[in-house]
Amino acid sequence: MKFLSTRDKSLSVDSSYAILNGISKEGGLFVPESIPKLTKDEFEKLKVLSYKDRAKYILKKYLTDFSDEDMEYCANGAYIGSFDDDNPAPISQLGKNTNVLELWHGPTCAFKDLALQILPFLLTTSSKMQNNKKEIVILVATSGDTGKAALEGFKNVPGTKIIVFYPEDGVSPMQKLQMNSQEGENVSVYAVKGNFDDAQSGVKKIFTDKAVQELLDKNGMQFSSANSINFGRLAPQIVYYISVYLDLLNKGDDLSSGFNVVVPTGNFGNILAAYYAKEMGVPINKLICASNSNNILTDFINTGVYDKNRSFYTTVSPSMDILISSNLERMLYHLSGDDKYIANLQNQLFAAGKYEVNDEIKTKMQEIFFADYCSEEETFSAIHDTFSEYGYLSDTHTAVAIGVYKKYLEKTGDNRPVVIASTASPYKFSKSVLKALGISDTEDEFKAVEELSTYTNTQVPKPIAKLYNAKTRFKEVYEKEDLLKAVEKALNI
Ligand SMILES: *Cc1c(COP(=O)(O)O)cnc(C)c1O
């Protein structure tokens, strides 16, 4: 399997190259030249395997330059002992046909762990395969959860350093504390004055700056990325959409007319993984793209116009507060197969903050996706109602998905089985969840955790309980123009 750039398909590289480099030289994203299909027999075979063995098999479909031993090493390293459940992606049910896919049983209590526990293994293995002798520097811009999950994945991994930037006022207090208290010799964490898009643009600029690359090279280092622009982040996310299908079959569910999947979406990485799973043969009917008030994707899917010239809102689901969904570029490439067209759209986005896709793509997109959004109020109601109806506690991001699914049901009446991706533990956003339940409006994050546990009679996840005694290690704040200074400082160059 070769990987091509979305903006220049004449570039053709191995998966280890794509993973090591993160992004293509001319700014495009790496995509597989074709999406592999699984046969009936293969699905049957996968049905009886554990999550990590399913992961090995599915990842090998894309990362064909990895040996079986390499993949064994990566999957075992990631999925044995790092999750609080034997299945890293267990299902909870809200009534018969409504399945919640809980993707937050890892070390940072968010779905990013499913990919970021394995990425360091994939990346260091790729580095060896590419004969790279340089130290790998991971630059991360985070809207909250990626940062911590990447820090946990890469901490003390030999041959790597990781630098994380987060928007100073754009993450929850719990997320901030999780990151600022991070342990490890090779980690640095900085706050940025600005929003997530500022942090992401700043990081992209450094990442693609020739002079900076030379400076790193001189010092025996090279950049790579742990953001979902790296295909090594996406591939492991495909696994759980295949795995949940197999689990539903094993459970005896009737999937003869397929099932729907709802994904609370920000950078379009998670839902893109579901799209890959669908293309690989998982009988997914509609991919339901759920947004918060930053509903640029809702508008795009419904009108074909992507326009980031709009207000940016800081919401209670901060990991979805994004106006530039990087992975959309990959989906548009797969729908058009036309690299020149994609390069042109991205140029328009860069120059005018706006583009419109042609009717053919718009039609295809609307066949595959349904898109809607939840206001803050609707998000709070979804948390409240789900708890009172089912005794099920959902975080603010999952609640957006639940709320949008309700709208989908009302609009279409399509009640076939559904999988709702649950992307974070409610304890990561305790204050907002408490408020939604109408219990209290406490300012203290840890008091909120305690109250939530007492009131709902659920247990505080260990990684959150551990933060009670955490010491803040990182306190520096940088202007968005000055991120390079932070990088130089962190790397001592
Ligand atoms: C990252 C994140 C999202 C958004 O996922 P994308 O892949 O960026 O679309 C949603 N919910 C939570 C909790 C997240 O951490």
Side-chain angles (χ1 to χ4, degrees), residues 29 100-116 119 140-152 164 166-167 170-172 174-175 178-179 196-197 199-200 225-231 233-238 240-241 261-276 287-292 294-298 300-301 315-331 369 371 373-374 379 382-383 394-404 420-430 432-433 461 464:
L29 304 184
V100 180
L101 177 61
E102 292 183 350
L103 300 169
W104 40 262
H105 291 271
T108 75
C109 302
F111 89 92
K112 310 286 199 297
D113 287 329
L114 272 299
L116 281 162
L119 184 66
V140 181
T142 183
S143 56
D145 293 324
T146 301
K148 179 62 182 180
L151 288 162
E152 275 300 309
V164 170
Y166 69 85
V171 300
S172 83
M174 191 61 83
Q175 290 175 319
Q178 275 189 314
M179 289 189 277
F196 170 69
D197 290 315
Q200 176 160 264
S225 163
N227 279 93
S228 57
I229 54 167
N230 193 323
F231 193 79
R233 259 289 292 283
L234 270 182
Q237 298 183 351
I238 303 168
Y240 50 76
Y241 287 110
V261 171
V262 195
V263 185
T265 297
N267 223 354
F268 211 76
N270 201 1
I271 198 165
L272 182 71
Y275 167 75
Y276 280 114
L287 290 166
I288 299 169
C289 178
S291 299
N292 64 22
N294 295 297
N295 57 358
I296 187 163
L297 288 168
T298 311
F300 175 58
I301 290 171
T315 73
V316 290
S317 43
S319 299
M320 297 159 66
D321 291 345
I322 291 175
L323 292 182
I324 304 176
S325 298
S326 316
N327 277 295
L328 203 52
E329 179 170 346
R330 283 192 164 105
M331 216 263 305
F369 296 92
Y373 75 102
C374 277
T379 306
I383 294 174
S394 56
D395 91 290
T396 46
H397 304 76
T398 308
V400 169
I402 294 174
V404 166
I420 297 171
S422 174
T423 49
S425 159
Y427 281 96
K428 259 194 125 157
F429 304 93
S430 297
S432 301
V433 173
I464 304 265

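Order of listing sets the numbers, starting from 1, for every ligand and every atom in it. What you are looking at is a predicted structure, and each value in this text was computed from that prediction instead of being measured.
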Out of Val164, Leu151, Leu116, which one pairs with Val140 under the side chain to side chain contact (heavy atoms under 4.5 Å, CB included) rule?
->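 Only match with Val140 under side chain to side chain contact (heavy atoms under 4.5 Å, CB included): Val164.
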
Closest non-hydrogen atom pair between Ser291 and Asn295, with its separation =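 Scanning both residues completely, I find the closest heavy atoms to be CB-CA, 4.1 Å.
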
Taking all heavy atoms of Ala399 and all of Ser394, pick out the closest pair and write down the distance.
->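 Reported closest heavy-atom pair: CB-OG, 4.1 Å.
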
Enumerate the atoms of ligand 1 whose separation from the nearest heavy atom of [X] is less than 4.0 angstrom.
| X | answer |
| --- | --- |
| Asp145 | 12 (C), 13 (C), 14 (C), 15 (O) |
| Gly269 | 6 (P), 7 (O), 9 (O) |
| Ala424 | 13 (C) |
| Thr423 | 10 (C), 11 (N), 12 (C), 13 (C) |
| Lys112 | 1 (C), 2 (C), 3 (C), 14 (C), 15 (O) |
| Thr265 | 9 (O) |

Between Phe111 and ligand 1, which part of the residue brings a heavy atom under 4.0 Å of the ligand: side chain, backbone, both or neither?
->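 The part of Phe111 near ligand 1 is the side chain, not the backbone.
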
Check each heavy atom of Met320 against ligand 1 and say whether those closer than 4.0 Å belong to the side chain, the backbone, both or neither.
->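 The part of Met320 near ligand 1 is the side chain, not the backbone.
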
For ligand 1, is there an atom lying under 4.0 Å from some heavy atom of Pro264?
->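 Yes; Pro264 lies near enough to ligand 1 that a heavy-atom distance drops under 4.0 Å.
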
Has Trp104 got any heavy atom lying under 4.0 angstrom from an atom of ligand 1?
->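 Not so, Trp104 does not reach ligand 1.
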
Pair Phe369 and Phe268, ring centroids less than 6.0 Å apart =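 Between Phe268 and Phe369, which both carry aromatic rings, the centre distance is below 6.0 Å.
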
Could you verify whether a donor N or O on one side chain and an acceptor N or O on the other, from [X] and [Y], lie under 3.5 Å apart?
| X | Y | answer |
| --- | --- | --- |
| Asn294 | Asp321 | yes |
| Arg330 | Asn327 | yes |
| Thr108 | Asp113 | yes |

Name all residues meeting the side-chain hydrogen bond (donor to acceptor under 3.5 Å, both in side chains) criterion together with Gln178; count only those two or more places apart in sequence or in a different chain, and write none if there are none.
->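 side-chain hydrogen bond (donor to acceptor under 3.5 Å, both in side chains) list for Gln178, sorted by chain: Lys428.
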
[X], any N or O under 3.5 Å of ligand 1 N or O:
| X | value |
| --- | --- |
| Asn267 | yes |
| Asp395 | no |
| Ile322 | no |

Out of curiosity, Phe196 CZ to Asn267 CG, how far, rounded to the nearest 0.5 Å?
->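 One gets 5.0 Å once the value is rounded to the nearest 0.5 Å.
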
With rounding to the nearest 0.5 Å, note down the distance linking CG in Asn270 to NZ in Lys112.
->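 Rounded to the nearest 0.5 Å, the CG-NZ separation comes out at 7.5 Å.
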
What residue and heavy atom of the protein are closest to atom 7 (O) of ligand 1, and at what distance?
->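 Ranked first by proximity to atom 7 (O) of ligand 1 is Asn270 N, 2.9 Å.
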
What residue and atom, counting heavy atoms only, is the protein's closest point to atom 9 (O) of ligand 1, and at what distance?
->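 Looking only at protein heavy atoms, the one closest to atom 9 (O) of ligand 1 is Gly266 N, 2.8 Å.
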
